[in-house]
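Data block below; observations after.
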Amino acid sequence: MPLNKPIDTLTETDLRELITNQVTESKTMEYKESITLLTDSAKKEFLADISSFANTAGGHIIYGVKEDQGVPIDLPGLAISNIDAEILTLEGVIRTGITPRISGVRLQPVQLDNGNKAIVIYVPTSWSSPHMVSHKGASRFYGRSSNGKYPLDVQDLRQAFILSESTGDRIRDFRLSRIAKIAAADIPLQMSDSVKIVVHIIPLSAFSTREKLDIGEVATNFHQYFRNTTNRRYNIDGFITFSTGGMDTALQYFQIFRTGQVEYVTSDLAGQRFEGASVIASLNAEREIAEACLQSLNALKAFAVEPPFFIIVSLVGVKGVLLAD
């Protein structure tokens, strides 16, 4: 991803690096030297750009960048006196001119040294696509390729609706497959046979785009986010970080998949016993789940994986286990 950091942390340096590195326009990146919404035609063109990203792989539109045949060559910015009002206007046009509404669109002004500003718009891949430009009675659907946006034909629309409807099934199938592997001890680390709490943090983009995490970056910076783990290794799925107990068994692990999912598993919460049964302290379990989610979401944000996220908690091996207050 050309802008592999949260949009609210972007600076002029980040935008100029696109010029230095000659990051060309693509399916997920577009440059615009100016922006205008003075006519209905201009608004429809703007909305077509936004919806095309949402209907395909998501991406960034950067206003204030001069390009030549898709290659950025300068960053003059936009001479806008009231940037807050401009952002509100753009948000309003997006909100009212596309059906159904697109969730997660973010607009971020970037101050430039010349006094002007650039505007970066991030459009996520939508979970409710396809989206239609509906401003002033329009009814057009757009997608994107490496050559820019294009109108969707009947076959494109049919495939878009099928993909949208199947995403939930794919997320459910991923979770069920992983739980089956964990229950069968077909996991990347040896763990005890005790009760396991499993948390899956699944970004929608894992099943709707072909974007992959930079696993090398994840491995280099894992200690900033997964603070309770001390060991790490690469594996076929991506990267795993874990802590160990006695007998060379893992107490917990975070598996980070190349497509952005995070799987957290712990077997360290059912150590107490009551009348022969293992006991899980509910407050400890809630705290563990919340902390695993927080660490995972912070990591995904840092690695530029955008919401929405699906969080699913599962209990494995809990037959006969007591849950205490």
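Atoms considered below: every heavy atom in the structure, side chains included; atoms not considered: hydrogens, waters and symmetry mates.
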Practice prompt. Give the ring-plane orientation class for Phe46 versus Tyr63, where under 30° counts as parallel, over 60° as perpendicular and anything between as tilted.
Written response: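 Ring orientation of Phe46 relative to Tyr63: tilted.
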
So, do [X] and [Y] sit near enough that their side-chain heavy atoms are less than 4.5 Å apart?
X: His60; Y: Ile121; value: no
X: Asp237; Y: Pro188; value: no
X: Arg258; Y: Leu213; value: no
X: Val120; Y: Leu15; value: yes
X: Leu10; Y: Asp8; value: no
X: Ile80; Y: Ile119; value: yes
X: Leu152; Y: Tyr142; value: no

According to side chain to side chain donor-acceptor pair (under 3.5 Å), who are the partners of [X], at least two apart in sequence or on a separate chain?
X: Lys181; result: Asp186
X: Lys32; result: Glu30, Asp49
X: Glu288; result: Tyr264
X: Glu291; result: Arg227, Gln295

Taking atom types as modelled, find out whether [X] and [Y] have a side-chain donor-acceptor pair closer than 3.5 angstrom.
X: Asn55; Y: Ser52; result: no
X: Thr259; Y: Gln261; result: yes
X: Gln252; Y: Ser243; result: yes

Practice prompt. Would you mind listing every ring pair (Phe, Tyr, Trp, His ring centres under 6.0 Å) that reaches into residues 181-203, with sequence neighbours excluded?
Written response: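 Only Phe174-His200 qualify under ring pair (Phe, Tyr, Trp, His ring centres under 6.0 Å).
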
Using residues 214-222 as the side-chain source, report each donor-acceptor pair under 3.5 Å to any protein atom, sequence neighbours left out, with the distance given to one decimal.
{"from": "Asp214", "atom 1": "OD1", "to": "Gly216", "atom 2": "N", "distance (Å)": "3.1"}
{"from": "Asp214", "atom 1": "OD1", "to": "Glu217", "atom 2": "N", "distance (Å)": "3.2"}
{"from": "Thr220", "atom 1": "OG1", "to": "Gly216", "atom 2": "O", "distance (Å)": "2.9"}
{"from": "Asn221", "atom 1": "OD1", "to": "Gln224", "atom 2": "NE2", "distance (Å)": "3.0"}
{"from": "Asn221", "atom 1": "ND2", "to": "Glu217", "atom 2": "O", "distance (Å)": "3.0"}

Practice prompt. Inspect the surroundings of NZ in Lys44 and state if more than 12 heavy atoms from other residues, nucleotides or ligands are less than 6.0 Å away.
Written response: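 Yes - once you tally the heavy atoms of other residues, nucleotides and ligands closer than 6.0 Å, there are more than 12.
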
Which Ile, Leu, Val, Met, Phe, Trp or Tyr residues join [X] in one cluster when any pair of side-chain heavy atoms under 4.5 Å counts as a link?
X: Val154; value: none
X: Ile240; value: Ile179, Ile182, Ile187, Leu189, Met191, Val198, Phe242, Tyr253, Val265, Val316
X: Ile73; value: none

Fill in: Matching residue for Glu263 among Gln255, Arg178, Arg175 - test: side-chain hydrogen bond (donor to acceptor under 3.5 Å, both in side chains)
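Only one option passes, and that is Arg178.
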
Discussion item. Walk me through whether Asp14 and Lys5 qualify under side chain to side chain contact (heavy atoms under 4.5 Å, CB included).
Written reply: CA-CA 9 Å; Asp14 297 313; Lys5 62 187 300 187; 3.0 Å; yes

Fill in: With Thr230 via side chain to side chain contact (heavy atoms under 4.5 Å, CB included) - residues at least two apart
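Counting only residues at least two positions away or on another chain, Thr230 forms no side chain to side chain contact (heavy atoms under 4.5 Å, CB included).
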
Practice prompt. For Ile311, check side chain to side chain contact (heavy atoms under 4.5 Å, CB included) against everything at least two apart and list the hits.
Written response: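 Per chain and number, Ile311 pairs via side chain to side chain contact (heavy atoms under 4.5 Å, CB included) with Val199, Ile201, Cys293, Leu297.
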
Worksheet item: Does the distance from a Lys or Arg side-chain N to an Asp or Glu carboxylate O, for Asp173 and Arg170, drop under 4.0 Å?
Response: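 Looking at Asp173 and Arg170, the cut-off is not met.
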
Pairs under 3.5 angstrom only: tabulate donor-acceptor contacts from the side chains of residues 97-112 to other protein residues two or more places apart or in another chain.
{"from": "Thr99", "atom 1": "OG1", "to": "Ser134", "atom 2": "OG", "distance (Å)": "2.9"}
{"from": "Arg101", "atom 1": "NE", "to": "Arg95", "atom 2": "O", "distance (Å)": "3.4"}
{"from": "Gln111", "atom 1": "OE1", "to": "Lys117", "atom 2": "NZ", "distance (Å)": "3.4"}
{"from": "Gln111", "atom 1": "NE2", "to": "Asn116", "atom 2": "O", "distance (Å)": "3.3"}

Worksheet item: Could Arg233 and Phe239 be counted as a cation-pi pair, given that NZ or CZ must be under 6.0 Å from the ring centre and within 45° of the axis?
Response: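 Checked: cation-pi criterion not met.
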
Worksheet item: Looking at CD of Glu17 and OG1 of Thr13, how far apart are the two atoms once the value is rounded to the nearest 0.5 Å?
Response: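 One gets 7.0 Å once the value is rounded to the nearest 0.5 Å.
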
